[in-house]
There are 4 protein chains.
Amino acid sequence: MRSEIESSGQKSRSFIEEARRAQIVASAIEVIAEVGFAQASLARIAAHADISKGVISYHFAGKEELMVEVVERTYGAIAEHVLTKMQGLQSATELLRTHVLSVAEHMRGHRTQLKALGEIFTNLRTADGKLRYGIKASEPTYLALEGIYRLGQESGEFRDFDVRVMAVTHSSAVDTMFAYWMAHPGHDLDAHARELADLLERACVT
Amino acid sequence: MRSEIESSGQKSRSFIEEARRAQIVASAIEVIAEVGFAQASLARIAAHADISKGVISYHFAGKEELMVEVVERTYGAIAEHVLTKMQGLQSATELLRTHVLSVAEHMRGHRTQLKALGEIFTNLRTADGKLRYGIKASEPTYLALEGIYRLGQESGEFRDFDVRVMAVTHSSAVDTMFAYWMAHPGHDLDAHARELADLLERACVT
Amino acid sequence: MRSEIESSGQKSRSFIEEARRAQIVASAIEVIAEVGFAQASLARIAAHADISKGVISYHFAGKEELMVEVVERTYGAIAEHVLTKMQGLQSATELLRTHVLSVAEHMRGHRTQLKALGEIFTNLRTADGKLRYGIKASEPTYLALEGIYRLGQESGEFRDFDVRVMAVTHSSAVDTMFAYWMAHPGHDLDAHARELADLLERACVT
Amino acid sequence: MRSEIESSGQKSRSFIEEARRAQIVASAIEVIAEVGFAQASLARIAAHADISKGVISYHFAGKEELMVEVVERTYGAIAEHVLTKMQGLQSATELLRTHVLSVAEHMRGHRTQLKALGEIFTNLRTADGKLRYGIKASEPTYLALEGIYRLGQESGEFRDFDVRVMAVTHSSAVDTMFAYWMAHPGHDLDAHARELADLLERACVT
DNA sequence: AATGAATGAGCATTCATTCAT
DNA sequence: AATGAATGAATGCTCATTCAT
């Protein structure tokens with residue numbers, strides 16, 4: 001999804017620098033996932049990583065930069081996984097099912113990361129007090145899903161419906177599947193994903 | 001939904017006391033909705049209500065008690081509205097559509113309250129660091145929705161599916177409808193609700 | 001010089017509030033005078049006053065507000081003293097001598113305050129990094145002194161010279177008299193003031 | 001003024017070492033002049049010189065040593081210029097005028113250096129919290145100026161007055177001429193210097 | 001000779017809570 | 001019933017200095 005080269009003006013980082021950043025990001029993810037965004041202070045993140053507070057300040061310009069990096073790494077990973085799975089598929093039905101199932105598949109191995117991602121999405125604010133990633137940050141996802149649904153309508157697979165509502169619902173259903181699974185660890189995530197895929201498919205077909 | 005009598009061990013409150021609590025709750029709702037949970041300090045809530053910070057501490061045992069009261073009042077109101085609308089309906093299809101439409105109806109007149117409610121749901125934590133209202137707080141809603149879907153299955157209106165997944169998806173779709181409308185004020189909430197009701201109905205019928 | 005009423009939008013303060021502010025200002029003056037502006041942290045000022053750090057934050061919006069209050073109180077006091085002494089005088093020579101002598105007189109009883117005032121003048125910066133009170137803050141003083149020198153030129157007491165250079169030199173000579181006396185406590189301040197008055201007068205008369 | 005040999009216990013430095021020190025000193029001067037002493041962190045000075053922070057620590061025992069070197073180089077330059085100009089002059093009047101005029105002349109080409117010098121003079125403190133260069137650091141200047149004024153008194157050019165007050169006033173007037181010019185870049189520095197020389201001369205002559 | 005990395009003390013500020021009045 | 005005052009812990013951040021490489 002996102003290559004180092006595309007990214008704006010990044011200085012090349014030394015191996016050690018990169019390792020430290022990765023370590024700090026990992027610690028941040030764990031702490032945020034465990035105690036929530038609001039309690040995830042730099043002090044706590046540093047203590048969890050067994051490093052001094054100053055190290056974080058040394059490697060990141062500020063808390064915001066660290067959080068943004070968490071988002072980029074985490075979100076990049078899921079997007080990469082899902083897009084790979086969807087590559088080459090033709091029918092809208094297949095695409096929609098694959099999206100749901102592959103996201104679930106990714107979730108199984110990345111609970112902590114996705115928990116942290118959600119925390120940051122709903123809490124990180126810019127200096128002017130507005131959410132850094134509000135629901136508007138989901139726009140790319142909505143557009144992608146709309147593409148799938150519109151494709152199905154054009155091919156005749158799907159009935160006529162509001163693709164925006166469908167996309168928003170689809171997206172939230174997937175997110176909530178994750179949240180529900182997090183809260184109920186014994187829950188069968190794959191079964192849930194299959195049920196959800198059925199549900200969405202049935203809602204669309206003529 | 002919630003009567004004074006049910007509530008645990010509440011001493012009866014004087015009229016003045018009740019008025020003050022209501023005033024403070026109202027101020028809290030407005031502040032939380034405007035600046036978000038994390039920035040909604042007691043100082044800010046007090047200033048918004050044009051009272052001294054101490055008043056809040058006097059009337060509420062702590063910030064948590066205030067937040068809980070916000071939730072109870074706000075959540076009680078929506079539940080009351082929706083249950084009234086659903087009363088007397090028989091078919092699962094009618095119940096499911098009415099749920100979606102009446103929630104949307106209520107949303108239109110209670111943006112601020114529901115915004116605050118959402119903020120508290122996703123942010124308020126108990127002393128031990130866990131979310132006070134996690135997704136588990138939705139259990140009563142899930143059970144109620146499951147009841148509707150199971151009813152539809154038993155009556156033959158609906159096909160066979162996992163009612164829990166359906167309920168979770170339904171619930172999250174409604175919540176996200178609200179969030180999307182908050183972020184896009186020009187969005188047609190009622191149309192969205194009708195589309196969503198169609199979508200859910202189609203997903204269920206045989 | 002500065003009455004409470006002139007000042008912009010000051011809420012009336014309670015007696016206790018005023019007393020605390022005065023105590024904190026006094027502590028700030030002592031600490032700044034002793035350790036210099038840069039080392040005069042709020043923590044140090046609070047400790048010196050034997051109060052908690054939070055008290056300062058409670059009574060002052062920030063460090064800057066405290067520093068500004070120190071300046072206003074200290075500068076107001078000296079201006080009041082000097083203006084009182086000069087009131088009613090007619091001749092430029094008398095005015096100029098009285099200015100020098102009365103400032104010195106005030107200095108003798110207000111060493112610490114004036115030391116602190118100087119520290120703040122040369123160190124306090126606004127958020128954008130510029131000196132809050134640079135040499136440009138001396139403009140009112142320069143204008144007042146220019147008035148005296150111009151008066152002398154118009155009355156024929158004084159020769160023709162650049163009144164701005166004269167005012168700047170006069171002002172700095174008075175300031176440095178203070179600094180020199182601070183560094184050499186045994187120095188005879190009054191004798192210095194008389195010599196300086198002579199010096200300035202001689203420089204002006206025809 | 002100051003030769004390498006006089007300086008206490010300096011090991012001879014390699015050419016590279018000397019070049020690096022000079023580069024760092026130059027960077028320090030520019031940063032201090034631009035942002036003020038308090039904001040002139042080693043990090044900032046290093047970044048301005050496009051070198052790593054560690055380089056400064058490598059070449060200087062600490063921040064203080066760097067600052068002292070800035071002072072010595074800067075102060076040495078002005079002293080050298082002024083002394084050269086005064087060399088050979090006989091009359092006290094000539095000496096006094098030449099001092100004022102040649103300092104002004106030097107100022108015109110060394111704004112940044114002198115700004116930095118002033119910042120360090122008024123801010124640099126030793127470990128025990130006292131100003132490293134207080135007004136007492138001006139003692140050599142005072143002594144030199146006293147020499148001129150005493151010469152004038154002995155030769156009969158000048159009236160009888162307190163040479164110390166005269167020297168202190170002279171010195172501060174020159175310093176403030178610089179500060180005023182820095183704050184008002186359009187100000188005519190040479191005219192100011194001539195006026196000041198006139199002023200001082202008139203204050204002295206019988 | 002040079003550096004990137006790390007440290008830990010110190011900074012101003014915010015905040016929920018306590019308490020005497 | 002209400003408040004202004006005070007507290008002290010916590011937060012993100014800066015900085016001079018140290019050190020292994």
- Given the rule in the salt bridge (Lys or Arg N to Asp or Glu O under 4.0 Å) test, do C:Glu69 and C:Arg20 qualify, once you have shown the distances and angles that lead to the verdict? CA-CA 13 Å; C:Glu69 181 122 353; C:Arg20 262 289 193 241; over 6 Å; no
- Got a sec? Which of residues 46-61 of chain C come in under 4.0 Å of DNA chain E, heavy atoms?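 By residue number: C:Lys53, C:Ser57.
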- Task: Under 4.0 Å from any atom of DNA chain E, heavy atoms only: list the residues of residues 22-41 of chain C that qualify, in numerical order.
- Result: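 Listed by number, they are C:Ser41.
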Return yes if some donor-acceptor pair links the side-chain N/O of [X] with the main-chain N/O of [Y] below 3.5 Å, else return no.
| X | Y | result |
| --- | --- | --- |
| D:Glu65 | D:Ala61 | yes |
| B:Thr122 | B:Gly118 | yes |
| C:Ser27 | C:Gln23 | no |

What closest approach, in Å, do [X] and [Y] show between heavy atoms, and which atom pair accounts for it?
| X | Y | answer |
| --- | --- | --- |
| C:Ile29 | C:Gln113 | CG2-CA, 3.7 Å |
| A:Glu119 | A:Phe37 | OE1-N, 2.9 Å |
| A:Ala40 | A:Lys63 | O-NZ, 3.1 Å |
| B:Ala116 | B:Ile32 | CA-CG2, 3.8 Å |

- Bounds of contact between DNA chain F and chain C, in 5' to 3' order, using a heavy-atom cut-off under 4.0 Å: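 The protein-touched segment is F:dG4 to F:dA10.
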Out of curiosity, [X] [atom1] to [Y] [atom2], how far, rounded to the nearest 0.5 Å?
| X | Y | atom1 | atom2 | result |
| --- | --- | --- | --- | --- |
| D:Tyr133 | D:Leu117 | OH | CG | 8.5 Å |
| D:Leu131 | D:Thr126 | CG | OG1 | 8.0 Å |
| D:Tyr58 | D:Ile24 | OH | CD1 | 11.0 Å |

- Task: Can you tell me the distance, in whole Å, between the CD atom of B:Glu64 and the C1' atom of E:dA16?
- Result: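 So the CD-C1' distance, B:Glu64 to E:dA16, works out to 13 Å.
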- Quick one: on DNA chain E, does B:Leu42 or C:Lys63 contact a more 5' nucleotide (nearest heavy atom)?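 That would be C:Lys63.
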Side-chain donor-acceptor pairs under 3.5 Å in residues 43-57 of chain A, sequence neighbours left out?
{"residue": "A:His48", "atom": "NE2", "partner": "A:Glu30", "partner atom": "OE1", "Å": "2.6"}
{"residue": "A:Ser52", "atom": "OG", "partner": "A:Gly54", "partner atom": "N", "Å": "3.0"}

Does a salt bridge link [X] with [Y], judged by any charged N lying under 4.0 Å from a carboxylate O?
| X | Y | answer |
| --- | --- | --- |
| D:Glu72 | D:Arg21 | no |
| C:Lys130 | D:Glu34 | no |
| A:Arg132 | A:Glu64 | yes |

- Item | Within residues 116-132 of chain A, residues whose heavy atoms come under 4.0 Å of DNA chain F |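 The stretch gives none, as no residue of it lies under 4.0 Å from the strand.
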- Item | Bracket notation of DNA chain F in which parentheses pair within the strand, [ ] cross earlier pairs, and | pairs with another strand (Watson-Crick or G-U, under 3.5 Å) | .||||||||||||||||||||
